[in-house]
Amino acid sequence: MRLVLILCLVTSVFCATSQEWKSRSIYQVLTDRFAKSTSGTARCLDLNDYCGGSYKALTKKLDYIKDMGFNAIWISPIPHNFPKGYHGYWADDLTRMNEHFGTEKELLELVKRAHLKDIWVMVDVVGNHMFHDFIDQIIPFNKSEHYHSCDVCPRSCQIEDWSNQQQVEDCKLSNMPDLNQTHPYVRDTLKSWVKDVVDKYKFDGIRIDTVLEVPKWFWGEYVQSAGVFAMGEVANSDLSYVSGYQSPLGTMPSVLSYPLYYTMVNVFAYGHSMYELRDSFNAYVKSFGDVDVLGTFLDCHDQPRFLSFNRDHKLYENGLVTVMLSSGIPVVYYGTEQYFDGGHDPWNREDMWRSDYNTKSDMYKYIKALNWARDRGQVWKYMQVERYVDDHFYAFTRGQVLVATTNVGSGGPKIERHITYHPYREGDRLCNIFWPTDCITVWQNELQVVLNSGEAKVYLLT
Ligand SMILES: *[C@@H]1O[C@H](CO)[C@@H](O)[C@H](O)[C@H]1NC(C)=O
Ligand SMILES: *[C@@H]1O[C@H](CO)[C@@H](O)[C@H](O)[C@H]1NC(C)=O
């Protein structure tokens, strides 16, 4: 941490720390899918190939993102990719740009424009693998010694047993040549590459792909070399396993909140008890070094969208309220605000232009209100305190903000609860951000919260 700070002071006047990232709210895009230069709302016909998104077009849509209340974006990996690598995870040349997304100049311009609007940019980076049919064509790792040999792997050389950590680290994912970070050339080159890219484009953070497939010691060096905030993808539901990657025990300041993701899907899409959510929050506080810096999400490019599990918009709202206001940095996947409901990859990677960037969408306004409440209440400065829980209701506060959620859905019964454990004074008045005339007053130390038709409520002190 101290080293990162010193690097920031020396190398640039603008450098975001973990502490500063806590107040941010991230909007995740797939560069290829978010905005294209030509107009029109016709759908992309083949989601398995490039659809035409670019940095230049994304730059023009920054206000759409900013007006929804977000102040950070996460973009796809930037290097040149093997054909059809529209997602960016198939790099075959680290020294060249992915020409489909635009030029170096256009990417520099994107970051510059974003910074002028106080939007931070997090770039997705990959250190686990490269991708090409012929290793000698990969730049700059063109020798077989740059990759793990298959000696310790199953006959297929693929990861087959995900509970075998050595196999997960040394064998191939989806048949991609698996970099050997122990090789001095690979180790040094990956580290200097990430440093150069961050310095050149002035990225404010990195999102690291497939963290659990590379040894922790390497990530420690890599993150230090990058010199900025890092959020790692440890795609696993096991809390103690995932938390082991966060420093000081592990090697990076933040990881994506995968265990909570699975809990939220269980609770809000599949009707599990709200106690499950509460238990998850309690376990998080015990297991992670710092819960406020974790990346909280309900949708992403690797999981079927929430609405493909359950189409109920009220349940979706409750999940998003949890994402935006519980401990952590919210990460909202593009298209959430347009009720995108794609299933497994690539169906969850819809082109955005089909929505015509409708800022009148109910969910666009809903998310905007949540970002507003987050800022207004400065929730990142306050611990999440449970105020009430039962099978169908969970309420918590962050400072003066009271959040009430339910898993009953739009067809569910009216929920009425009396909250007596709260931080307010007699006579205090709280109003619902979604319906400003919906206010409640503390009377005889009690707050009466009513949720109709499965709605969630967020109250601010007036
Ligand atoms: C690998 O790359 C290096 C440097 O870019 C080059 O000198 C060498 O000829 C390449 N080797 C093969 C097998 O292509
Ligand atoms: C990785 O590289 C190191 C150093 O070159 C070597 O000793 C080791 O055997 C390699 N590991 C695998 C699995 O290929």
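Everything quoted here is computed from the prediction, not taken from an experiment. Ligands are counted one by one from 1 in listed order, and the atoms in each one are counted from 1 as well. We number each residue from 1, following the sequence as shown.
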Visitor: Within the structure, does at least one protein heavy atom fall under 4.0 Å of atom 7 (O) of ligand 2?
Guide: no
Visitor: Is there a nitrogen or oxygen of N180 sitting under 3.5 Å from a nitrogen or oxygen of ligand 2?
Guide: yes
Visitor: Step by step, would you call K61 with D67 a salt bridge (Lys or Arg N to Asp or Glu O under 4.0 Å)?
Guide: CA-CA 10 Å; K61 290 285 179 236; D67 290 345; over 6 Å; no
Visitor: Using distance alone, determine whether T182 and ligand 2 share an N or O pair under 3.5 Å.
Guide: no
Visitor: Would you say the SG of C150 sits under 2.5 Å from the SG of C171?
Guide: no
Visitor: Would you mind checking if D124 and R207 are paired as a salt bridge, meaning a charged N to carboxylate O distance below 4.0 Å?
Guide: yes
Visitor: For ligand 2, which atoms sit closer than 4.0 Å to a heavy atom of S149?
Guide: 12 (C), 13 (C), 14 (O)
Visitor: If you count the atoms of ligand 1 from 1 in the order shown, which ones are under 4.0 Å from a heavy atom of D136?
Guide: 14 (O)
Visitor: Which one of Q167, Q166, Q165 satisfies the side chain to side chain donor-acceptor pair (under 3.5 Å) criterion with E169?
Guide: Q165
Visitor: What do you think, any protein heavy atom under 4.0 angstrom from atom 2 (O) of ligand 1?
Guide: yes
Visitor: Looking at atom 10 (C) of ligand 1, what's its closest protein heavy atom, distance included?
Guide: N142 ND2, 2.4 Å
Visitor: For K105, is there an ion pair with E109 - N to carboxylate O distance below 4.0 angstrom?
Guide: no
Visitor: Would you mind checking if K117 and D63 are paired as a salt bridge, meaning a charged N to carboxylate O distance below 4.0 Å?
Guide: yes
